[in-house]
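One structure is given below, encoded as structure tokens.
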Amino acid sequence: MRKTLLLSSVLASLLSLSAYAVQDQAIPDDAIGLSKTSVYDVPDPEVVVYGSADAGTVGKRADRSYWTAPPMIPHTTKDMVPITRDTNLCKDCHVQPALIGQKIVKGLPVPAPVSHYANVKEGQLYMGRWNCTQCHAPQAKVKNLVNNNFKKSR
Ligand code: HEC
Ligand code: HEC
């Protein structure tokens, strides 16, 4: 009994000693995150340039990141944002309930899906979907900040 007590107290003090040793080592600024620079540097971020193709000229849809992901906007959103209470150009083009289920024709807006309406038959948008850019984002060609093996689904 005594022996085990002694042994465990020796072990405990050894453990706390090694903990002190680790705590004593300062972590260098550039080893805190994934960034290779010090947290005190202010690196110049690359300017993000969004695609400038006009709506209706792209004719191509981006791959979905995953099933049920809101699709990316393949065309420019210049002069369409911000969406306000009174102006929503996205809605003017995309609320097309008659086109739901039809073959997608190049140049025509992809209709907002059934989930987006309070009443599909009357083409009445559900107001929780008013702010389209809350979920749909335009695209830009940028380098990955952190590389990964994620594969998008089709
Ligand atoms: C002038 C009409 C028009 C306006 C305004 C417009 N779009 Fe589009 N949108 C289109 C067309 C047409 C397409 C099909 C791709 C193409 O040819 O540009 C499309 C494609 C999309 C897609 C891709 C759908 C898919 O299934 O991949 C999304 C998302 C989208 N638009 C969202 C928006 C949002 C959000 C806004 C407002 C910021 C907006 N659009 C404004 C016409 C429009
Ligand atoms: C709360 C998030 C959210 C908001 C707000 C929203 N959407 Fe979506 N949208 C989605 C998701 C998620 C999908 C994918 C739906 C699916 O796969 O069932 C989608 C799909 C779409 C599609 C593609 C339909 C297809 O058949 O591929 C279009 C076009 C679209 N939305 C347009 C709009 C427009 C225009 C607005 C604004 C009036 C809007 N969305 C607002 C989440 C949103």
Side-chain angles (χ1 to χ4, degrees), residues 12 15-16 18-154:
L15 273 176
S16 59
S18 61
Y20 276 122
V22 169
Q23 267 170 21
D24 280 350
Q25 279 165 9
I27 300 171
D29 297 339
D30 55 4
I32 292 172
L34 291 166
S35 170
K36 297 282 174 273
T37 55
S38 157
V39 287
Y40 297 108
D41 288 346
V42 184
D44 257 347
E46 244 178 277
V47 179
V48 173
V49 183
Y50 287 97
S52 58
D54 286 330
T57 64
V58 187
K60 224 174 80 189
R61 297 155 81 194
D63 294 336
R64 302 287 194 272
S65 299
Y66 52 88
W67 172 239
T68 71
M72 305 287 291
I73 308 170
H75 53 69
T76 183
T77 55
K78 196 170 167 277
D79 303 329
M80 298 175 189
V81 284
I83 295 163
T84 66
R85 194 192 66 175
D86 302 314
T87 342
N88 188 341
L89 289 172
C90 319
K91 167 184 150 288
D92 295 346
C93 273
H94 284 282
V95 169
Q96 306 272 9
L99 295 182
I100 297 175
Q102 306 283 321
K103 199 170 172 284
I104 290 166
V105 181
K106 194 182 165 192
L108 278 187
V110 184
V114 175
S115 59
H116 288 36
Y117 304 85
N119 186 330
V120 192
K121 277 200 194 121
E122 289 169 19
Q124 194 191 334
L125 187 72
Y126 167 61
M127 290 312 280
R129 302 275 185 174
W130 182 264
N131 185 17
C132 317
T133 48
Q134 179 189 334
C135 303
H136 297 282
Q139 298 172 77
K141 277 210 166 67
V142 286
K143 269 189 256 150
N144 286 347
L145 286 176
V146 177
N147 279 325
N148 67 63
N149 303 324
F150 183 79
K151 292 237 172 19
K152 44 194 176 180
S153 67
R154 293 228 154 227

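Counting starts at 1 for both ligands and their atoms, in listed order. Worth knowing before you read on, the calculation uses all heavy atoms, side chains too, and leaves out hydrogens, waters and symmetry mates.
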Do any side-chain atoms of residues 71-80 form donor-acceptor pairs under 3.5 angstrom with protein atoms, and if so which ones, sequence neighbours left out?
residue : atom : partner : partner atom : Å
T76     : OG1  : K78     : N            : 3.0

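- For atom 5 (C) of ligand 1, the nearest non-hydrogen atom from the set T57, V105, L89 belongs to L89.
- In terms of the side chain to side chain contact (heavy atoms under 4.5 Å, CB included) criterion, residue partners of T84 (sequence neighbours excluded) are, by chain and number, D86, T87.
- Counting heavy atoms under 4.0 Å from ligand 2, residue N131 touches it through the backbone alone.
- Nearest non-hydrogen protein atom to atom 16 (C) of ligand 1 is G59 N, 3.3 Å.
- Nearest heavy-atom pair, C90 versus C132, reported as atom, atom and distance to 0.1 Å: CB-SG, 3.5 Å.
- In the vicinity of G107, heavy-atom distances shorter than 4.0 Å reach the ligand 1 atoms 12 (C).
- The distance cut-off of 2.8 Å around atom 8 (Fe) of ligand 1 captures these protein N, O or S atoms, sorted by chain and number: H75 NE2, H94 NE2.
- Note: K151 NZ to D63 CG = 13.0 Å, rounded to the nearest 0.5 Å.
- If you take CZ on R61 and CD1 on I104, they are separated by 3.0 Å, rounding to the nearest 0.5 Å.
- Polar contact with ligand 2: absent for K91 (N/O pair, distance under 3.5 Å).
- Distance check, rounded to the nearest 0.5 Å: NZ of K91 to CD of Q96 gives 11.0 Å.
- Side chain of H116 to backbone of L125: no donor-acceptor contact under 3.5 angstrom is found.
- Across all their heavy atoms, Y50 and P138 have their closest contact at CE2-O, 3.6 Å.
- Taking a cut-off of 2.8 Å, the protein N, O or S atoms nearer than that to atom 8 (Fe) of ligand 2 are H116 NE2, H136 NE2.
- Atom 12 (C) of ligand 2 has as its closest protein heavy atom T68 O, 3.2 Å.
- Per-residue contacts place L125 under 4.0 angstrom from the following atoms of ligand 2 (heavy atoms of the residue considered): 38 (C).
- Residue contacts with ligand 1, taken as heavy atom pairs separated by less than 4.0 Å, do not involve Q96 at all.
- With values rounded to the nearest 0.5 angstrom, W130 atom CH2 is found 4.5 Å from N88 atom CG.
- In this structure, atom 18 (O) of ligand 2 is not in close contact with the protein, since no protein heavy atom lies within 4.0 Å of it.
- When all heavy atoms of V48 and A140 are compared, the pair lying nearest together is CG1-CB, 3.5 Å.
- Remark: H136 NE2 to R129 CZ distance equals 7.0 Å, nearest 0.5 Å.
- Using a 4.0 Å cut-off to heavy atoms of A69, the atoms of ligand 2 that qualify are 14 (C).
- Against a heavy-atom cut-off of under 4.0 Å, P111 is close to the following atoms of ligand 2: 24 (C), 29 (C).
- Heavy-atom distances between K106 and ligand 1 stay at or above 4.0 Å for every pair.
- The protein non-hydrogen atom at the shortest distance from atom 25 (C) of ligand 1 is R61 NE, 3.3 Å.
- At a 3.5 angstrom cut-off on N or O pairs, R64 counts as close to ligand 1.
- Contacts of L108 with ligand 1, taken as heavy-atom pairs under 4.0 Å, involve the backbone alone.
- Expressed to the nearest 0.5 Å, how far CD of E122 lies from OH of Y117 amounts to 13.0 Å.
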